[in-house]
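Structure, as structure tokens:
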Amino acid sequence: TRFVEFQDLFKGTFQAGDMIAFEYTASADMTVLFNGKGVKSFENGRTLFNAILRTWIGPYPPTRNFKEAILG
């Protein structure tokens with residue numbers, strides 16, 4: 001159900017320059033931000049966050065620098 005909720009966040013029109021960010025906190029919540037504004041928070045979102053990262057970059061980051069840049 002979390003993937004469905006996540007997918008539903010991206011229905012609509014996007015413009016060049018729109019920014020989507022995923023913020024994972026030490027409290028294990030994941031927040032989805034659109035152009036800097038929080039649009040959805042997932043409690044205990046570690047599994048969802050990790051799934052998104054694996055889908056986006058694969059099981060292993062291409063380089064250590066890439067991993068450090070992604071995880072900020």
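Just the heavy atoms: all of them, side chains too, but no hydrogens, waters or symmetry mates, feed the values below. Please read these numbers as outputs of a predicted model, since none were measured by experiment.
Both Phe22 and Phe3 are assigned to one and the same hydrophobic cluster, defined by single-linkage of ILVMFWY side chains at heavy-atom distances under 4.5 Å.
With sequence neighbours left out, Lys37 forms a side chain to side chain donor-acceptor pair (under 3.5 Å) with no residue at all.
Between Ile52 and Phe6, some side-chain heavy-atom pair lies under the 4.5 Å cut-off.
Counting all heavy atoms, side chain and backbone alike, Arg2 lies closest to Glu43 at NH2-O, 2.5 Å. In plain terms, the two heavy atoms of Thr31 and Ser41 that are nearest each other are OG1-OG, 3.6 Å.
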>> I'd like to know whether Phe49 forms a ring-ring contact (aromatic ring centres under 6.0 Å, His included) with Phe42, so could you lay out the CA-CA distance, the side-chain angles of the two residues, the decisive distance to 0.1 Å, and finally the verdict.
In response: CA-CA 9 Å; Phe49 181 75; Phe42 294 89; over 10 Å; no
> When you look at Ile20 and Phe14, which way does the side-chain contact (heavy atoms from CB on, under 4.5 Å) test go after all the steps?
Replying inline: CA-CA 10 Å; Ile20 298 170; Phe14 297 94; 4.3 Å; yes
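Residue pairs satisfying the side chain to side chain donor-acceptor pair (under 3.5 Å) criterion with at least one member in residues 17-26, sequence neighbours excluded, are listed as follows: Asp18-Asn35, Thr25-Ser27.
Note that CZ of Arg46 is 13.5 Å distant from CG of Asp29, once rounded to the nearest 0.5 Å.
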